[in-house]
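Encoded as structure tokens, the structure appears first; notes follow it.
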Amino acid sequence: MRELYQRLQSLFVLGELTEQRANLFFITVDKDRLRPLLTHLRDREGFSHLVLLTAVDWLEDGQFQLTYLLCDRLSRRDLGLRVMLDRANPVMESIHDLWPTAATYQRELREMFGIDFPGSPRLHEEFILEGWNTTPPYRRDFDTLEYARSQYAERAGRETRDPETHMRAQLYPEKH
């Protein structure tokens, strides 16, 4: 994999390299340089499979991290490409034309994080969340408790127990 990284460095401007294991590397790339690199990896380096496209919300840094995980099945190696996006304006170029499965991941990321992929098919159709009209739920600033209180009523007879106390009473009833 180090040879691949060196070869890619001669062709592209690459960021940080992280070696997870001998057959799994991650490379950070500027968002404007991603498409040519993905195309090269698919067409010339054998990374024919997009395994996943996912996001991480780095709220404190004001960024989203997109990770494109590619697989070269013949060589049994995986390569992750990390792209950082401005959290205030999370827009990324769609790659559905390179891997059609990317459209599904992009729809999910738009709905769950609010990341936009202009031109991606069916991007603005409801995907998982029907009628959702507030902060996307995978953003770290989404308040799950507040949402639950606003959407659901308390059920009568429901009680909250301290898990430690409850389990001690269940396991050692003679001591309670």
Side-chain angles (χ1 to χ4, degrees), residues 15 18 20 24-39 41-43 47-73 78-167 170:
T18 305
Q20 194 74 29
L24 175 61
F25 280 30
F26 290 89
I27 301 172
T28 303
V29 181
D30 288 341
K31 69 184 266 187
D32 297 333
R33 301 178 194 275
L34 179 69
R35 175 177 281 279
L37 180 57
L38 285 174
T39 304
L41 289 166
R42 184 192 66 177
D43 296 346
F47 289 90
S48 60
H49 181 62
L50 174 67
V51 177
L52 65 86
L53 168 56
T54 189
V56 176
D57 184 355
W58 296 106
L59 178 65
E60 296 82 1
D61 299 332
Q63 295 184 314
F64 287 115
Q65 173 189 308
L66 294 178
T67 301
Y68 298 78
L69 186 59
L70 308 177
C71 177
D72 174 357
R73 291 178 177 159
D78 297 311
L79 179 62
L81 300 177
R82 295 177 175 148
V83 176
M84 304 308 287
L85 300 178
D86 179 13
R87 198 172 183 279
N89 184 26
V91 178
M92 185 64 196
E93 183 178 0
S94 176
I95 61 159
H96 71 276
D97 56 321
L98 298 176
W99 285 280
T101 56
T104 302
Y105 292 118
Q106 292 170 164
R107 284 181 70 190
E108 180 183 15
L109 294 175
R110 185 193 170 281
E111 197 168 81
M112 304 308 267
F113 288 92
I115 300 170
D116 196 14
F117 297 88
S120 187
R122 303 175 59 199
L123 188 67
H124 296 279
E125 294 177 20
E126 289 181 342
F127 185 51
I128 300 167
L129 307 172
E130 293 181 15
W132 194 269
N133 58 7
T134 185
T135 304
Y138 281 5
R139 285 184 175 230
R140 289 182 50 214
D141 54 352
F142 174 71
D143 188 338
T144 307
L145 182 59
E146 179 58 34
Y147 180 80
R149 285 182 177 150
S150 71
Q151 299 295 313
Y152 308 105
E154 290 287 330
R155 286 186 286 173
R158 191 171 201 182
E159 63 184 79
T160 301
R161 298 182 181 149
D162 173 53
E164 182 180 350
T165 305
H166 176 72
M167 288 310 296
Q170 295 295 312

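Listed by chain and number, the residues in a side-chain hydrogen bond (donor to acceptor under 3.5 Å, both in side chains) with D61 amount to none (sequence neighbours excluded). The side-chain hydrogen bond (donor to acceptor under 3.5 Å, both in side chains) test applied to D141 returns R87, not counting sequence neighbours. A search for salt bridge (Lys or Arg N to Asp or Glu O under 4.0 Å) contacts involving E154 returns nothing, not counting sequence neighbours. Remark: M112 pairs with E108, L129, P137, Y138 by the side-chain contact (heavy atoms from CB on, under 4.5 Å) rule, at least two apart or across chains. Not counting sequence neighbours, the partners of D97 by the salt bridge (Lys or Arg N to Asp or Glu O under 4.0 Å) test are R35.
Taking CG from L81 and CG from L69, the interatomic distance works out to 9.0 Å, rounded to the nearest 0.5 Å. Atom CG of residue L109 and atom OG1 of residue T54 lie 6.0 Å apart, to the nearest 0.5 angstrom. M92 CE to K31 NZ: the interatomic distance, rounded to the nearest 0.5 Å, is 6.5 Å. To the nearest 0.5 angstrom, L41 atom CG is 12.5 Å from C71 atom SG. Taken to the nearest 0.5 Å, the CG atom of D86 stands 10.5 Å off from the CE atom of M84. Separation of atoms CG (N89) and CD1 (I115) is listed at 11.5 Å; rounding is to 0.5 Å.
Enclosure of atom CH2 in W58 is not indicated, since only 12 or fewer non-hydrogen atoms of other residues, nucleotides or ligands lie within 6.0 angstrom.
The backbone N or O of L59 sits less than 3.5 Å from a side-chain atom of D57, completing a donor-acceptor pair. R139 places a side-chain N or O within 3.5 Å of a backbone atom of F113 that can act as its donor or acceptor partner. In this structure, the side chain of R82 does not engage the main chain of F26 through any donor-acceptor pair within 3.5 Å.
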Might you work through the side-chain contact (heavy atoms from CB on, under 4.5 Å) test for I95 and Q106, ending with a clear yes or no?
-> CA-CA 9 Å; I95 61 159; Q106 292 170 164; 3.7 Å; yes
side-chain contact (heavy atoms from CB on, under 4.5 Å) between L70 and D72: does it pass, once the steps are laid out?
-> CA-CA 7 Å; L70 308 177; D72 174 357; over 6 Å; no
side-chain contact (heavy atoms from CB on, under 4.5 Å) between V29 and Y68, worked out | CA-CA 11 Å; V29 181; Y68 298 78; over 6 Å; no
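Not less than 6.0 angstrom separates the ring centroid of F47 from the ring centroid of W99.
Residues F127 and T104 share a closest heavy-atom pair of CZ-CG2, 3.7 Å. For the residue pair H96 and S94, the shortest heavy atom distance occurs at ND1-OG, 2.5 Å.
Using a 4.5 Å cut-off on side-chain heavy atoms (C-beta onward), I27 and L79 make contact. Inter-residue side-chain proximity for V83 and D30 is flagged as unmet; no heavy-atom pair is nearer than 4.5 Å.
Counting only residues at least two apart or in different chains, side-chain hydrogen bond (donor to acceptor under 3.5 Å, both in side chains) contacts with residues 109-118 comprise R110-H124.
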